[in-house]
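Below is one structure; the comments refer to it alone.
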Amino acid sequence: MKETFSRRTLVSGAFYAAALIPALGVIGSATAAPALPQLDPNDAMAKNFAYATDTTKVDAAANPGHKPDQTCVTCSQYIAATGGCNIFPGKSVQKNGWCKAWVKKPGT
Ligand code: SF4
């Protein structure tokens with residue numbers, strides 16, 4: 001069965017699609033989670049976990065279990081949707097960061 005569309009149908013469809021795109025943007029921004037403040041490496045709890053904003057700058061002598069390929073984005077505690085971490089609620093962490101609580105995220 002062959003369906004045909006009139007030019008009017010195509011034009012009105014394009015018009016409604018064009019009108020809908022900005023509306024979706026407003027809805028998306030209204031429901032987006034507010035940005036979390038960055039975790040300060042000098043925060044007492046961050047220090048307890050030896051949190052570093054850059055995994056390549058972790059003190060290897062003080063953290064013998066650390067490996068350079070361990071980062072927050074490969075950690076099971078990392079919350080990709082917000083950039084947050086389950087260990088530091090209400091704070092965001094650097095994707096390339098690291099701390100002693102790092103646990104490999106399955107599939108990474
Ligand atoms: Fe990063 Fe994982 Fe430590 Fe959270 S627990 S700061 S995601 S390494």
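Both counts, for ligands and for their atoms, begin at 1 and track the order of listing.
Listed by atom number, the atoms of ligand 1 under 4.0 Å from Ile87 heavy atoms are 5 (S). Every atom of ligand 1 is numbered from 1 in the order shown, and the set under 4.0 Å from a heavy atom of Cys75 is 2 (Fe), 5 (S), 7 (S), 8 (S). Less than 4.0 angstrom separates some heavy atom of Ala101 from each of these atoms of ligand 1: 5 (S). Listed by number with element, the atoms of ligand 1 under 4.0 angstrom from any heavy atom of Cys85 are 4 (Fe), 5 (S), 6 (S), 7 (S).
The CD atom of Gln94 sits 5.0 Å away from atom OH of Tyr51, with the distance rounded to the nearest 0.5 Å. Atom-to-atom distance recorded for Cys99:SG and His66:NE2 is 10.5 Å, nearest 0.5 angstrom.
Of all heavy-atom pairs between Cys72 and Tyr78, the closest is O-CB, 2.9 Å. Minimum interatomic distance between Thr108 and Thr74 (heavy atoms only, all atoms of both residues): OG1-O, 3.5 Å. Closest heavy-atom contact between Lys47 and Pro41: CG-O, 3.5 Å.
Using a cut-off of 2.8 Å, one finds that Cys99 contributes an N/O/S atom close to atom 3 (Fe) of ligand 1. At least one N, O or S atom of Cys72 sits under 2.8 Å from atom 1 (Fe) of ligand 1.
By the 4.0 Å heavy-atom criterion, Phe88 is counted among the residues contacting ligand 1.
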Chi angles and distances behind the side-chain hydrogen bond (donor to acceptor under 3.5 Å, both in side chains) call for Trp98, Gln70: CA-CA 7 Å; Trp98 179 87; Gln70 297 173 344; 3.0 Å; yes
